[in-house]
Structures are given as C-alpha cells and as structure tokens.
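The basis for the numbers below is simple: all heavy atoms, side chains too, and nothing from hydrogens, waters or symmetry mates.
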Amino acid sequence: MTAHAGTDVAAMSARAVAVRELFARRAADSSTRPWTTEEIMLGFVGDVGDLAKLVQGKEGVRPRADLDAALAHELADCLWSVLVLADAYGVDLPAAFDATMDDLTARLSPSVAPGT
C-alpha cells in the first residue's frame with residue numbers, strides 16, 4: 001500500500017503522470033499506441049457519466065451494494081484525468097484553482113454598499 005498524496009496537488013499530479021506513462025508502456029508492449037490527450041478526454045467524459053450514475057445511487061435512484069467504494073474509485077478516476085490533462089496542456093492547476101475560486105468568491109459574496 002502506498003502513502004496518501006494528501007492535498008499535495010503536485011504529488012498527485014506526478015503520480016497521475018507516472019500512471020499515464022505506465023499505460024503508455026503497456027500500449028507499446030502490446031504493439032498498440034498510447035492514448036492521445038483527446039482520447040483521455042473522451043475517457044474522462046465516460047467516467048463522468050459513470051460518476052453521474054453513482055451519484056444517482058447515493059440519492060437512492062440507482063442503488064448498488066458497493067456504492068461507496070465505486071463512488072470513491074470513480075472520483076479518483078476523474079481526478080486522474082483532470083491531473084493528466086492539466087499536465088499535458090501545461091496548466092498550473094493549483095494557480096488556476098485559486099484564481100477561479102477567488103473569482104467565484106468575489107462574484108458570489110454579498111456586495112458591500114459604498115461608505116459602509
């Protein structure tokens with residue numbers, strides 16, 4: 001068992017990229033080509049669909065026995081895709097996240113009347 005990456009996005013990203021490299025090596029060993037970033041994105045879309053079904057399960061619409069484990073797995077799959085895509089396109093995900101949260105916070109926070 002490996003240690004948790006915790007909230008260290010850089011460590012999670014490095015691990016996600018390492019797993020992508022393992023997939024690429026497996027593809028080379030089986031004489032196939034590795035997935036392109038476009039194919040990773042399409043896989044992500046499929047994972048989001050699977051995640052939607054699991055959320056329905058949590059809401060009682062699509063129950064299944066292993067729901068909690070399946071939900072955790074699918075969320076991790078989705079996160080893997082996001083981390084790999086961010087790496088592939090040179091996106092500084094922590095900085096982008098902070099900027100986006102700052103923007104949303106500013107837009108959603110109650111405005112203070114001038115002079116108060």
Residues R107 and D103 bridged, charged N to O under 4.0 Å: yes
SB check E39 R33 (cutoff 4.0 Å): yes
From SG (C78) to CG (L83), nearest 0.5 Å: 11.0 Å
Separation between CG of L79 and CG of L75, rounded to the nearest 0.5 Å: 8.5 Å
Mind listing the side-chain donor-acceptor pairs of residues 85-98 below 3.5 Å, one per line with the distance, residues two or more places apart or on another chain?
{"residue": "Y89", "atom": "OH", "partner": "T37", "partner atom": "OG1", "Å": "2.8"}
{"residue": "D92", "atom": "OD1", "partner": "A95", "partner atom": "N", "Å": "3.2"}

Let me have the donor-acceptor pairs involving side chains of residues 61-73, under 3.5 Å, with sequence neighbours excluded, atom names and distances please.
{"residue": "R64", "atom": "NE", "partner": "D66", "partner atom": "OD1", "Å": "2.6"}
{"residue": "R64", "atom": "NH2", "partner": "D66", "partner atom": "OD1", "Å": "3.1"}
{"residue": "R64", "atom": "NH2", "partner": "D66", "partner atom": "OD2", "Å": "3.1"}
{"residue": "D68", "atom": "OD1", "partner": "K58", "partner atom": "NZ", "Å": "2.5"}
{"residue": "H73", "atom": "NE2", "partner": "D77", "partner atom": "OD2", "Å": "3.1"}

In one Ile/Leu/Val/Met/Phe/Trp/Tyr side-chain cluster, 4.5 Å: V17, M12: no
Connected via hydrophobic side-chain network under 4.5 Å: V84 and V19: yes
Listing, residues 41-57 side-chain donor-acceptor contacts under 3.5 Å, not counting sequence neighbours, or none:
none

Exam field: side chain S109 to backbone A106, donor-acceptor pair closer than 3.5 Å: no
Donor-acceptor under 3.5 Å (W80 side chain, A16 main chain): yes
